[in-house]
Amino acid sequence: HVITKLKKYKFINDLEFASWFIDSRLRARPKSIRILKLELKQKGIDAKIIEQVLKNTTSETQLAIKAAQKKMTRWQKLPEIELKKKFYQHLLSKGFNYDTIKEAFAFFNKKD
């Protein structure tokens with residue numbers, strides 16, 4: 001009864017919450033779409049709402065690039081093999097797959 005009343009007055013809105021959550025996560029600590037879906041599911045958000053919110057999200061590669069940008073400034077002077085190792089480890093911990101990480105690494109190598 002209470003939940004119904006809260007939804008009626010729009011105090012509870014899963015769509016708005018999911019949108020806010022994704023926006024704040026992508027701004028502060030970008031993670032893979034797979035991890036974002038998992039986090040929203042753990043919070044009890046319906047799969048249809050999750051898909052609706054994530055359909056306008058940037059590509060997985062763009063998210064990986066954004067997730068690695070801050071670290072790259074610190075890692076630029078490392079030898080290539082060490083840089084690649086840290087890069088891959090960092091993005092793997094954020095939930096990105098190897099193909100996406102490879103594309104993101106290629107992006108940073110082109111910039112040099």
Side-chain angles (χ1 to χ4, degrees):
H1 180 356
V2 173
I3 299 292
T4 307
K5 200 167 195 170
L6 289 172
K7 283 184 179 182
K8 178 182 172 191
Y9 292 115
K10 298 189 181 195
F11 292 138
I12 298 177
N13 187 328
D14 286 348
L15 182 61
E16 284 182 25
F17 171 76
S19 295
W20 168 83
F21 183 82
I22 296 297
D23 289 343
S24 69
R25 176 65 79 197
L26 295 179
R27 248 184 286 110
R29 296 180 305 188
K31 292 187 177 185
S32 72
I33 291 173
R34 183 174 54 89
I35 297 293
L36 293 172
K37 284 181 182 180
L38 180 65
E39 288 177 345
L40 285 172
K41 193 171 189 167
Q42 288 174 340
K43 293 183 181 308
I45 305 299
D46 186 60
K48 290 178 185 176
I49 293 174
I50 294 171
E51 290 303 320
Q52 183 180 351
V53 170
L54 288 174
K55 73 179 176 187
N56 296 329
T57 306
T58 59
S59 74
E60 190 86 358
T61 304
Q62 290 298 326
L63 290 175
I65 290 168
K66 187 173 180 179
Q69 260 174 334
K70 287 181 185 177
K71 298 283 187 176
M72 284 302 287
T73 57
R74 284 188 259 161
W75 296 339
Q76 282 180 338
K77 295 183 180 172
L78 292 174
E80 173 108 16
I81 192 86
E82 211 173 312
L83 168 69
K84 191 172 186 177
K85 181 180 176 185
K86 284 185 181 277
F87 189 89
Y88 272 70
Q89 285 177 341
H90 176 67
L91 291 181
L92 281 170
S93 73
K94 300 275 186 185
F96 294 100
N97 64 38
Y98 281 101
D99 292 333
T100 303
I101 296 170
K102 187 176 178 181
E103 289 174 23
F105 192 73
F107 171 82
F108 285 107
N109 277 346
K110 286 181 193 173
K111 288 179 78 175
D112 292 343

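Residue numbers start at 1 and run along the sequence shown. What you are looking at is a predicted structure, and each value in this text was computed from that prediction instead of being measured.
Rounded to the nearest 0.5 angstrom, R29 CZ and K70 NZ are separated by 10.5 Å. Remark: I22 CD1 to E39 CD distance equals 8.0 Å, nearest 0.5 Å. Annotation: the span from N56 atom CG to S19 atom OG amounts to 9.0 Å, rounded to 0.5 Å. Within the model, atoms CD1 of I49 and CD of E16 stand 11.0 Å from one another, a figure rounded to the nearest 0.5 Å. Atoms CG and CD, from D46 and Q52 in turn, are 10.0 Å apart once rounded to the nearest 0.5 Å. Going from atom CZ of F21 over to atom NZ of K43 covers 5.0 Å, rounded to the nearest 0.5 Å.
When atom types are taken as modelled, the side chain of K66 and the backbone of L26 share a donor-acceptor pair closer than 3.5 angstrom. Between the side chain of R25 and the backbone N or O of K31 there is no donor-acceptor pair closer than 3.5 Å.
Across A64 and A104, no two heavy atoms sit closer than the pair CB-CB, 3.9 Å. Between Y88 and K102, the shortest heavy-atom contact is OH-CA, 3.4 Å. Taking both residues in full, the closest heavy atoms of I50 and K37 are given as CG2-CG, 3.7 Å, listed atom of the first, atom of the second, then distance.
Residues L78 and F108 fall within the same hydrophobic cluster, defined by Ile, Leu, Val, Met, Phe, Trp and Tyr side chains chained together at heavy-atom separations under 4.5 Å. Put simply, I33 and Y98 are part of the same group of oily side chains (I, L, V, M, F, W, Y) that touch within less than 4.5 Å, one to the next. Neither L38 nor L54 shares a network with the other; the hydrophobic side chains, linked directly or stepwise wherever heavy atoms of I, L, V, M, F, W or Y lie under 4.5 Å apart, form separate groups for each.
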#### Entry: CA sep, side-chain torsions, deciding dist, call: T57, L63, side-chain contact (heavy atoms from CB on, under 4.5 Å)
CA-CA 9 Å; T57 306; L63 290 175; 4.2 Å; yes
#### Entry: D99 vs E60, side-chain contact (heavy atoms from CB on, under 4.5 Å): CA-CA, chis, key distance, verdict
CA-CA 10 Å; D99 292 333; E60 190 86 358; over 6 Å; no
### Task
Take T100 and L91 through the test side-chain contact (heavy atoms from CB on, under 4.5 Å) and record every step on the way to the result.
CA-CA 9 Å; T100 303; L91 291 181; over 6 Å; no
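Two residues are said to be in side-chain contact when any heavy atoms from C-beta on lie closer than 4.5 Å; I35 and F96 fail this criterion.
Side-chain polar atoms of T61 and E103 form a donor-acceptor pair below 3.5 angstrom.
Residues meeting the ring pair (Phe, Tyr, Trp, His ring centres under 6.0 Å) test with F105, sequence neighbours left out: F87.
Counted within 6.0 Å of NZ on K94, heavy atoms from surrounding residues, nucleotides or ligands total more than 12; the atom is thus considered enclosed.
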